[in-house]
Participant: 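Before we start, here is the structure in question, set down as structure tokens.
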Amino acid sequence: MMKKVFWLSKSKIMSGQQCEKRLWLETHRRELAEVSGTTQMTFDYGHMFGDVARSVIGEGALIEHVDNIGLAISETTKLLRAERLLFEPAFTHQNVLSRADGLQRVWGGWNMIEAKASTSVKDYYLDDCAVQAWVLTGAGVKVRKVTLAFVNNRFLYRGKSNYQGLLNYEDITAQVFERVPMVEQWVARLRKVLGGKEPAINVGTQCGTPYACPFTAYCQSKEPAPAEHPVGILPRSGEIVERMAALGIDDLRDVPPAALKNALHHRIRQAHISGRSYLDPEAGQALSKLGWPRYYLDFETIAFPVPIWKGTRPYQQVPFQWSCHHETKSGNLFHTAFLDTSGHAPMKDFASSLIKAVGKRGPVFVYNQAFEAARIKELAQMLPAMREPLLAIVDRLVDLLPITREHYYHPDMRGSFSIKAVLPTVAPDLDYENLEHVQDGGMAQQAWLEAVSDATPEERKTELSQGLLDYCERDTLAMVRLADFLQGGNW
DNA sequence: TCGCACAGAGCAATTAATTC
DNA sequence: GAATTAATTGCTCTGTGCGA
């Protein structure tokens, strides 16, 4: 009887990048992944990247049969004799299965190519490659070289489907071969884990780094409920959490004041002890110095590992939507918006409409200035004719995030100063939860992708566009309300 | 998945204070 | 004034939190 082959594309589990419990759960309690329902941000760019990466690497034979490993293995064996370049070849060794991204014939053997849609060589890729190299070697393939192909984020797409230059290559043979002798132990350890009871491993950083584990909610449900005001809600609290845990303190309210060095931590602790929010009147003073009219601005963007629009780069955040609230001195509020779901390059229309919308004077409020400022500067670079008016907007940006962080805190923010955490405490009627289709930036990207797709019916496109417009408008209205709140206003 | 900004840590270089 | 020590400043690196 054929033994069960276990799928170890998840070699990060083997090498300790993610915990053994995940492997155990994936094998024994697969259905739990669906129950836990993580909200990880993922795009299905995988095959787009794969197709383009293969075309850049060279012409070769692609072995498909994703769902039929037996067929994939027999086809690999057959093609290995004839071909110089194979994509997705399948091999097993000691019942461990591996599918390398590419296998290229070189002098005296093969170059194993691993393609990653990432812009740098991460340590855990080396472990991943070590497992694959071990399987290939065990299956009789002479691995002479291991190459990592990854995204060159300086590549500028000049159109016409020409992606030469999209990938960087790094020879990682030495690092991988150094790890290969350890793989045998990793496999043995995991076999033991799989044969035993559910491993007792507590929830920790391994649940989200480097990859989100789908079982986190399940593991959390098995652990005692955390403190109502855990020390960990302090921003950048890693070191303090450890220090306090050693003293048996897990509740922020029990932390001795002397243990906290920075003023923000003190303010947060104090707010959780008193149960009351904190608002420093200086926020209002700082804001009241700014003139009128006032604009409140927010962008939505999309980014692809493989750029699709001429003049853009991999992972460049290309803005396709803006929302702007315009507030006059007398308190009148007007809303304007731009949204491009045509699927064509949105940059030009985005920029020209934006310039019109924000006028020539008055502060332009944003939340986390770095983001909008960087997008406008990129547009200025791409569109020389609009360079000056665009850069003039950058000079007028006022960031509400640092003002909020320095002068305001509410215990319900649980240590976070993101607009999504702040808004419910200053304008509960504007909760994002009551938006139907789009509730955060990640969902906005998903909605946009669906809206531009040819496969999406018109009715659904209209619904998604409305969802995007509602969401982005909510973001800028949130800023209006926040600025007013910080100035002591009342709605 | 990206990148930016910033806090904090660790270390090196510089400046100030102390001692002879 | 020189040598030593202490305090301060400045730099790089890493991790976190923000945005999408």
Side-chain angles (χ1 to χ4, degrees), chain A residues 39-46 48-50 53 115-125 150-155 166 205 208-212 232-243 259-266 268 297-307 312-323 339 346 350 365-379 394 397 399-406 413-423 432 438-449 468 471-472 475-476 478-479 482:
Chain A
T39 53
Q40 181 188 3
M41 204 179 85
T42 49
F43 302 120
D44 192 19
Y45 293 151
M48 183 193 179
F49 174 73
K116 296 287 184 192
S118 159
T119 58
S120 62
V121 179
K122 312 251 162 57
D123 220 38
Y124 46 89
Y125 297 164
F150 58 106
V151 173
N152 167 19
N153 58 0
R154 292 162 74 177
F155 167 76
L166 175 76
T205 50
T209 315
Y211 302 103
I233 64 177
L234 291 173
R236 301 165 199 271
S237 57
E239 181 264 339
I240 302 166
V241 171
E242 258 178 56
R243 206 149 35 88
L260 301 177
K261 281 182 235 159
N262 91 31
L264 180 63
H265 285 179
H266 278 284
I268 293 176
L297 190 62
D298 184 50
F299 296 171
E300 301 307 320
T301 65
I302 190 77
F304 308 97
V306 177
T312 62
R313 299 177 193 276
Y315 290 113
Q316 181 176 341
Q317 301 270 357
V318 181
F320 60 80
Q321 177 180 12
W322 56 254
S323 162
L339 171 63
F350 178 99
F365 290 98
V366 289
Y367 207 85
N368 197 15
Q369 178 174 351
F371 186 76
E372 271 76 15
R375 302 296 79 81
I376 299 175
K377 287 179 188 166
E378 283 159 8
L379 288 170
V394 176
L397 294 180
D399 194 347
L400 280 173
L401 167 62
I403 299 174
T404 307
R405 186 161 40 209
E406 273 164 48
M413 286 155 59
R414 315 252 328 143
S416 168
F417 287 86
S418 78
I419 187 85
K420 310 290 181 279
V422 174
L423 184 66
Y432 288 87
V438 182
Q439 293 175 355
D440 61 49
M443 286 173 82
Q445 299 185 321
Q446 294 285 14
W448 183 87
L449 286 172
L468 284 163
Y471 165 68
C472 202
D475 259 349
T476 50
M479 282 189 272
L482 174 60

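Sequence lines set the chain letters: A, B, ... in the order given, protein chains first and strands last, and positions in each chain run from 1. Keep in mind it's a predicted model, so treat the numbers as computed, not measured.
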Participant: Any chance you could measure A:Gln445, atom CD, to A:Asp440, atom CG, to the nearest 0.5 Å?
Facilitator: 9.0 Å
Participant: When you get a sec, tell me which of B:dG3, C:dC18, B:dC2 is the closest nucleotide to the side chain of A:Ser418?
Facilitator: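 Nearest nucleotide to the side chain: C:dC18.
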Participant: Rounded to the Å, how far apart are A:Phe304 CZ and B:dT1 P?
Facilitator: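 Going from A:Phe304 (CZ) to B:dT1 (P), I get 17 Å.
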Participant: Return the angle between end axes of the helix from B:dT1-C:dA20 to B:dC20-C:dG1, with five pairs used per end and rounding to 10°.
Facilitator: 20°
Participant: Counting any heavy atom closer than 4.0 Å, what does A:Ser237 reach on the DNA or RNA strands: base, sugar-phosphate only, or nothing?
Facilitator: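 Answer is nothing: A:Ser237 stays at 4.0 Å or more from every strand.
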Participant: Tell whether A:Glu300 reaches the base of C:dA20 with its side chain through a donor-acceptor pair below 3.5 angstrom.
Facilitator: no
Participant: Figure out the CZ/P separation between A:Phe371 and B:dC2, and round it to whole Å.
Facilitator: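 Interatomic distance, CZ of A:Phe371 to P of B:dC2: 15 Å.
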Participant: Tell me what A:Tyr471 touches on the nucleic acid: a base, only sugar-phosphate, or nothing, going by heavy atoms under 4.0 Å.
Facilitator: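 If one applies the 4.0 Å heavy-atom cut-off, A:Tyr471 turns out to touch the sugar-phosphate alone, with no base involved.
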Participant: Report the nucleotide, chosen from C:dG19, C:dG17, C:dC18, that has the shortest atom-to-atom distance to any side-chain atom of A:Pro235.
Facilitator: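 That would be C:dG17.
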Participant: Write down the distance between CD1 (A:Ile240) and C1' (C:dT16), rounded to a whole number of angstrom.
Facilitator: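 So the two atoms are 13 Å apart, to the nearest Å.
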Participant: Should A:Arg375 and A:Glu372 count as an ion pair when the cut-off is N to O under 4.0 Å?
Facilitator: no
Participant: Nearest heavy atom decides the nucleotide; on that basis, is A:Ala374 or A:His265 closer to the 5' end of DNA chain B?
Facilitator: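 Result: A:Ala374.
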Participant: For a quick test of reading the model: is some side-chain N or O of A:Ser416 closer than 4.0 Å to OP1 or OP2 of C:dC18?
Facilitator: yes
Participant: Checking A:Thr404 side chain against A:Leu400 main chain: does a donor-acceptor pair fall under 3.5 Å?
Facilitator: yes
Participant: From the options B:dC2, C:dC18, B:dA5, select the nucleotide whose nearest atom is closest to the side chain of A:Ala370.
Facilitator: B:dA5
Participant: Please report the distance, rounded to the nearest Å, between CZ in A:Phe417 and P in B:dC4.
Facilitator: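 Atom CZ in A:Phe417 sits about 24 Å away from atom P in B:dC4.
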Participant: Could you check which of B:dG3, C:dA20, C:dC18 has an atom nearest any side-chain atom of A:Thr119?
Facilitator: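 When the side chain of A:Thr119 is considered, B:dG3 is the closest of B:dG3, C:dA20, C:dC18.
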Participant: Taking the side chain as every heavy atom from C-beta outward, state whether A:Leu166 and A:Pro307 have any pair of such atoms under 4.5 Å apart.
Facilitator: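 The answer is yes; the side chains approach within 4.5 Å.
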Participant: With a 4.0 Å cut-off on heavy atoms, is A:Asp399 in touch with a base, just the backbone sugar-phosphate, or nothing at all?
Facilitator: nothing
Participant: If I take atom OG from residue A:Ser323 and atom CG from residue A:Leu468, how far apart are they, to the nearest 0.5 angstrom?
Facilitator: 11.5 Å
Participant: Is the closest side-chain heavy-atom distance between A:Tyr367 and A:Leu482 below 4.5 Å?
Facilitator: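 Yes. Closest side-chain heavy atoms under 4.5 Å.
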Participant: Would you mind reading off the distance between A:Gln316 atom CD and B:dT1 atom P, rounded to a whole angstrom?
Facilitator: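 For the pair A:Gln316 CD and B:dT1 P, the rounded distance is 20 Å.
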Participant: Nearest-Å distance, CD (A:Gln369) to P (C:dA20)?
Facilitator: 15 Å
Participant: Regarding A:Lys122, tell me which of base, sugar-phosphate or nothing describes its non-hydrogen contacts under 4.0 Å with the strands shown.
Facilitator: sugar-phosphate
Participant: Under 4.0 Å, counting only non-hydrogen atoms across every strand here, what does A:Asn153 touch: a base, just sugar-phosphate, or nothing?
Facilitator: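 Touches sugar-phosphate only.
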Participant: If you define the side chain from C-beta out and look only at heavy atoms, does anything of A:Asp475 sit under 4.5 Å from A:Lys420?
Facilitator: yes
Participant: Side chain of A:Asp475, heavy atoms from C-beta onward: which of C:dG19, C:dA20, C:dC18 has the nearest atom to it?
Facilitator: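 Taking heavy atoms from C-beta onward, the closest nucleotide is C:dA20.
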Participant: Could you check whether any side-chain heavy atom of A:Thr301 comes within less than 4.5 Å of a side-chain heavy atom of A:Phe350, counting everything from C-beta outward?
Facilitator: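 Sidechains of A:Phe350 and A:Thr301: no contact.
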Participant: Rounding to a whole Å, what distance do you find between A:Gln317:CD and B:dC2:P?
Facilitator: 11 Å
Participant: Over how many whole Å does the gap from A:Ile302 atom CD1 to C:dA20 atom P extend?
Facilitator: 13 Å
